Every structure is written in structure tokens, then in C-alpha cells.
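For reference, the structure I am asking about is given below.
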Amino acid sequence: MTVRNERKKGKDKGKLQSKVKEKILEALELPKEAAINASKLSMIDGGNLIIENYKGIVEYESDRIRVNTSKGIIKITGRDLILREITSENILINGEIDSLEFFR
Amino acid sequence: MLLIRLWNFIKGYVIIIVEGYFLEKFINICIHRQIFLWHIKRIKSKEMTLKVSVKGFKLLRPVCRKTRCRVRIIRKKGLPFILSRYKKRKAFVAGAVIFIFILYGLTSFIWAVEIEGNERIAADVLREKLAMLGAKPGVFKYTVDTDKIVDSLMMDINELAWIGVSLRGTKIKVKVVERKPAPELIARDVPCDVVAEKDGVIKMVIAKEGKTLVKEGETVSKGQVLIGGRVDSKVEGVEPRYVHAMGEVIARTWYEESKIVENFIIERVRTGKVKNRYSLILFNKRISLFFNNSSYENYDKIDIIKSFGIGEDAVLPFGIHIEKFYEVRLDRRELDEEEARQLAANYAYDAALRKIAPETKIIGTNVSWKEEEGKLYAVVVVECEEDIGIQRELGGM
């Protein structure tokens, strides 16, 4: 929450602080996605994709999904893409996934 | 995953089509409002199908208004919908309930009595006694007092060493252990002899008490005193002492059996013709079903009883009794001499074995042939080794 508050005040300061935080977490070998607002993607064989910690869905077509996260937009292309399960934290995408692209 | 599916099935869910231009927005708002969606599938550019719980579906209306989407239900799935369908079919539900009650009612009666472990006590006698004590087919299960039955049976039947009565489903299971008849014992302080139980040739005498009167290799006949209970004093004029004679007397004994050698045998051959007689069993009554009465002259009969029931223990009072009649042809088959002799010898051997006590040691078998009145006999002699001594009170027979 502190990160977000800082961001509202000034973007540069916030960015610096989050970078410091990231460094500390790296040094302590803690899972990053838990502490800072990072997303975690787990994928099984190009057919199952779980995105943890996302912000919202920007676009959903059967061959293209764009998901908004705190670091930018993830674009997933493929065929017969289904949102298998969707909660406020996770999305489980099923289908034949061809590519993942990150737009920062 | 399976658990979630099961949970969804129990709670009930609907498959809906959402139509509109802002489908992403629709999903986002739903998630924001804690409406759980799954299996979202895009089918057309402005249509998608998804699954949502019944509870969630009711919350969709304001979301639709906000995103200007239209929602249609295509299928309703889950337990609540199935149940609501049966709500209208009252007779069906009533039937199901009555069925369960009848089943429960029928399983609270005894429908079978199973007796096992009895060899000398006839099952019918046991059945009769059990019936007198209230354990018979058709009685209410909860009135049967197994402890009381066990007590009274133990009192009534002398041959019982142990009896176990248990209620299993609609069955009464009776397990019987029979008492071995105790040998007649002569009290330790009563003087006695050891006499021969049967004829034999003495192999070994081990006298624990008393005077050995027979030697090894001596032939003894039945009733002969082997170990004497009267011990004469070596000193003259002193009264003989009377003791309780004991000991083992191992002797060779012979069992003989003969059988006429026949040069033919009669074999029962099934012709392949079968007739079935079906009867219905209802509450211990038999109702014969269709059967043409022309029976065969010679037949083997096999009874098959099929009881309806749930599992092994919950037997219900319905069943089918099938009697299978196999027609049998009696064939006379001529035997060659070798075969005929073998058959007669086997028969005689089996007959001799029946006379021998089960724990007796068999040391040899001899087969000989003799002719009498023009007929050939197979004579089998089985040689055994056994303890032939039994105790007998002095002076008595």
C-alpha cells in the first residue's frame, strides 16, 4: 500500500523506492510477487496459463487476450482461448497459446 | 478441481450467453463485485458463453445495465434444478419414499437362518430349537435376544462346546462348535487293567503302571489283558497289590475288506436333456410356476436357490427356486479284467479305510484275489500301527 501512496505523490520517487524494495527482496530471496505488486505467470506446455496478481482484462477474443498488470500489459495470442477460471487475483487461460508479449 | 465441480453441481449453475460490445468490461465488473465466472468462451465478436452460479446470476442484472449487455440462459445445470423438476412429479417422489420405507421395513425382519460348523447335531434340530426361542424367518429383528438364545441352547444341547449367534442384516448366523465325546475315564484311584481293544500283534508295550503281561511279537485277541492291575508280591504270603494300570500298547492291526470283481459297471451319463422347474419364494412360501410334469425315468436333480437381497447379509424374503432335472442314461460298460480288478480293489480299499480311525498310522496295504463259488473277490488288507490298549476296571468286563 505504501508503494501506491508514494506513487500518487511523485512517480520518480515511487519508482526509486520500489527499486530499492526489489533489491532488498532479492537479497533476502523472498518471493517478489508477494511483497511488491508484481504478477506471476505459470505456464504448462503452452496450453495452460495462470496469471496471478493482475489488474484487469483489456481485451478478450478467442485468438487474443490482453491482460493489464501493474508493470504493463501482457498480450497472449493463440487459438481457442478460454478463460477457464477467473477470480480477483488469478486468471486461468486454456487453449493453444502461441506467444506472450509484454508491453511496458 | 473435482471438488469444485461437485460443489458447483450441488449449488447449481447456469450457462449463459452474454451479448454486447463491452464484454471485457462486463468480466471486469463481475470480478470486482465478487461474482465468480468460469468457462468463459468467446463465440462471436460480440457474444460469449460463460458459467455462473445461480446466486451470481441474480447479481448480473445491474452489471448488464451498466455495460449494456444482454444475457440469455441456455442451460440450467446442477442439483437444485434436478430437484425442482421432481417437485412437480409428486407420485414419483412418493413412490421413492414408500420404496425406502418398505425396504427398511423388510430389512427389520429375519429372513434367513444360517447354521455352520455342525457335524453331528442335525441342522433341523438346531433350527427347531432356534424357532422355539423366537429365531426363525419372519420374526421382527429387534425382538431376537441373541444372548438368551445362546444361553438356552447351551443348556439344552449337550453336544455343544460353544455356540455363537449373531444378527447380520436380515440373517441370523449361528456358529456351532461341537464337543468331542470325552473318553470314559476310570478314576485314578480305582484299580484297573489295560486290555486289548482289538486283535493285533504287539509291537511295543510301555507300561507306566502295572505289570506287563504280553511280549513283543505276541498275538493278542480282543479283550485280552495287556497290562495287569494286579501285581503279585515277590514275597510269599503277602497279599497282591492292585494298581491303576496305565500305559501305551502299540500293536500292528489289520483291516480286511473284500469286494466282488464285476466285469461291467453301470455309468450314469447325462443325455443333455434338461428340464427346469421354477418356483417363486415369497415369505417362506413356494409358488410353483409353469412346469410340464412329464419327468424322466432316471435323472439328477440340482436345486438352485437365488435370493434377492442387498449384499450377502441383507437377504429379502423373495427368491427364485430353480430345480434342474438332468436326464440320465444308465450305460452298462464292459470292463477288461485289469480294469475290473483295479476297480474292485479300490472299492475294497475305500471300505477298509472307513473302518480305520483317522489318526491311525497306515504302514502297508496288500491286495489279494480269491475265488469263491466261481466268483472272483478282491481282498484288501490294510496294515496299521495303533495304540490298542483301553482301561477296564478289575473284575468287570
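Naming convention: chains lettered A, B, ... in sequence-line order (proteins, then strands); numbering from 1 in each chain. Values in this document were obtained by computation on a predicted structure and should not be read as measured data.
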Residue-level interface, residues 75-83 of chain A with chain B, non-hydrogen cut-off under 4.5 Å: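 Against chain B, the residues of residues 75-83 of chain A that fall inside the cut-off (heavy atoms, under 4.5 Å) are A:I82, A:L83.
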Worksheet item: Of all residues at least two apart in sequence or in a different chain, which pass the side chain to side chain contact (heavy atoms under 4.5 Å, CB included) check with B:W162?
Response: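 Scan of B:W162 (side chain to side chain contact (heavy atoms under 4.5 Å, CB included), adjacent residues dropped) gives B:K175, B:V177.
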Worksheet entry | CZ (A:F103) with more than 12 external heavy atoms under 6.0 Å |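 For A:F103, atom CZ is crowded (more than 12 foreign heavy atoms under 6.0 Å).
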Between A:I86 and B:I27, is there a side-chain heavy-atom distance shorter than 4.5 Å?
yes
Query - salt bridge (Lys or Arg N to Asp or Glu O under 4.0 Å) involving B:R75 - partner list, sequence neighbours excluded - result: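 For B:R75 there are no salt bridge (Lys or Arg N to Asp or Glu O under 4.0 Å) partners, ignoring immediate neighbours.
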Item checked: Atom OH of B:Y142 with >12 non-hydrogen neighbours under 6.0 angstrom -> yes
Step-by-step side-chain contact (heavy atoms from CB on, under 4.5 Å) determination, A:R84 to B:W38
CA-CA 5 Å; A:R84 189 62 195 255; B:W38 70 98; 5.9 Å; no
* For chain A, which residues from residues 13-26 of chain B lie under 4.5 Å away (heavy-atom distances)? ->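 Within residues 13-26 of chain B, near chain A: B:E24.
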**Message:** Test your reading of the model: is there a side-chain donor-acceptor pair from B:N28 to the backbone of A:G56, 3.5 Å cut-off?
**Reply:**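 Pair absent, no side-chain N/O of B:N28 close to backbone of A:G56.
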So does B:K51 have more than 12 non-hydrogen atoms from other groups sitting under 6.0 Å from NZ? yes
Q) Got a sec: does the CZ of B:F99 have more than 12 other heavy atoms crowding it under 6.0 Å? A) no
Atom NZ of B:K141 with >12 non-hydrogen neighbours under 6.0 angstrom
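Atom NZ in B:K141 is packed in, count exceeds 12.
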Minimal heavy-atom distance between B:I40 and A:Y60, with the atoms involved, is O-OH, 3.1 Å
* Asked: Within a radius of less than 6.0 Å around CZ of B:R33, do more than 12 heavy atoms belonging to other residues, nucleotides or ligands occur?
  ->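 Atom CZ in B:R33 is crowded, with more than 12 foreign heavy atoms closer than 6.0 Å.
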*How long is the gap from OG on A:S88 to CD on B:Q34, to the nearest 0.5 Å?*
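One gets 5.5 Å once the value is rounded to the nearest 0.5 Å.
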